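Following: one structure in structure tokens, then a few remarks.
Quick caveat: nothing in here was measured; it's all calculated off a predicted structure.
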Amino acid sequence: GAGGTRNTTLEGDDASSALTIPFTFNFNGTNYTHITLSFNGFVVMGSALTNNNANYAYVGFSNSNGLAISSAGTGPITNAIVPFSFDGNVVSTYTFTGTRANGSNTITAAAGANFTAARVRPGMRITGTGIPTGTYIVSVNIAGTSLVMSANATSNGTAGTLTTGNGFVYRTSGTSPNRVFTLQWTGYKRYNIVDTVDYQIQLFEGTNVIKVVYNLLSTPTAAIAGTNDLGQVGLKGASNADFNNRTTTSDWAATTAGGA
């Protein structure tokens with residue numbers, strides 16, 4: 001939605017980025033005011049990822065399958081929220097045309113084969129002439145050939161080329177002491193896999209509830225062990241023995257407790 005901030009660092013392959021939580025959040029008995037996020041679908045509470053995971057944020061050196069909960073090695077990932085840990089890859093960018101007006105955040109007369117609900121959707125980054133750096137899509141009306149951006153255009157232009165791609169946006173909603181800190185990955189995919197997934201982590205002030213929301217844009221392709229496309233969902237505490245995750249081979253509505 002509107003009022004968010006796009007983190008361009010986290011849109012790069014295997015990147016990580018630190019953020020300040022706008023309130024104190026208690027995770028596994030410890031209070032935190034900072035988090036570190038991974039391009040590859042997880043959040044570490046507190047300090048930055050260890051050197052063992054730098055630039056390869058989804059794994060420890062001994063683990064090639066992108067499983068944050070199972071990470072081992074010299075510096076395993078700990079105290080993590082894992083909405084969808086996997087070896088991610090940057091989604092292809094898509095171009096279409098549209099008309100912009102100086103001082104307006106609405107693109108009209110959008111057209112082109114790529115102006116579809118799958119390729120132009122809220123949370124994705126958008127770039128083009130007259131579009132400020134860091135802009136993302138707030139809402140889209142495919143039938144109405146328009147979209148709303150997070151920033152106003154800085155010039156006029158008719159049928160100008162616009163480009164969308166994966167985006168990471170975070171925002172705080174509500175008022176103290178009942179705020180919600182939302183982190184959203186949009187347009188991310190597994191390495192060598194064609195599926196595309198959007199997902200959010202929501203952290204609730206006061207109650208310390210963690211909510212994960214998913215938007216699946218395409219039918220998942222089965223993972224092949226050893227090819228960096230496996231995934232994990234769950235929570236991890238201070239050690240590899242402290243975790244809570246779920247597993248399934250076919251049905252997310254009927255999962256069972258997973259292993260480390």
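N79 is linked by a side chain to side chain donor-acceptor pair (under 3.5 Å) to nothing, counting only residues two or more places apart in sequence or in another chain. Taking the side chain to side chain donor-acceptor pair (under 3.5 Å) definition, one finds that N31 meets it with N26, sequence neighbours left out. Take L235 and apply the side-chain contact (heavy atoms from CB on, under 4.5 Å) test, not counting sequence neighbours, and it matches F27, I81, I210. By the side chain to side chain donor-acceptor pair (under 3.5 Å) test, N141 is found to be paired with no residue, residues two or more places apart in sequence or in another chain being considered. Taking N244 as the reference, nothing meets the side chain to side chain donor-acceptor pair (under 3.5 Å) condition, with sequence neighbours excluded. F115 meets the ring-ring contact (aromatic ring centres under 6.0 Å, His included) test with F96; sequence neighbours excluded. Applying the side-chain contact (heavy atoms from CB on, under 4.5 Å) criterion to A151, with sequence neighbours excluded, gives P132, T135. The ring-ring contact (aromatic ring centres under 6.0 Å, His included) check on F23 picks up nothing, with sequence neighbours excluded. When the side-chain contact (heavy atoms from CB on, under 4.5 Å) test is applied to R119, the partners found at least two apart in sequence or on another chain are Y94, N114, T116. By the side-chain contact (heavy atoms from CB on, under 4.5 Å) test, V148 is found to be paired with N105, T106, V138, S139, residues two or more places apart in sequence or in another chain being considered.
In terms of modelled atom types and a separation under 3.5 Å, the side chain of N7 and the main chain of F168 share no donor-acceptor contact. Here the side chain of W185 pairs a donor or acceptor atom with the backbone of S38 at under 3.5 angstrom.
The ring of F42 has its center no closer than 6.0 angstrom to the ring center of F84.
No donor-acceptor contact under 3.5 angstrom links the side chains of T186 and D198, judged on distance only.
Listed by first and then second residue, the salt bridge (Lys or Arg N to Asp or Glu O under 4.0 Å) pairs that reach into residues 178-188 are R179-E205, sequence neighbours excluded. Sorted pairs that involve residues 99-109 and meet salt bridge (Lys or Arg N to Asp or Glu O under 4.0 Å), not counting sequence neighbours, are lacking altogether.
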Go through the steps to decide whether D242 and K236 satisfy the test salt bridge (charged side-chain N to carboxylate O under 4.0 Å, His left out), and finish with yes or no. CA-CA 6 Å; D242 184 10; K236 186 172 183 179; over 6 Å; no
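Looking at every heavy atom in both residues, T5 comes nearest to Y136 through N-CE2, 4.4 Å. The nearest pair of heavy atoms linking I137 to T164 is CD1-CG2, 3.8 Å. When all heavy atoms of G130 and S155 are compared, the pair lying nearest together is CA-OG, 3.5 Å.
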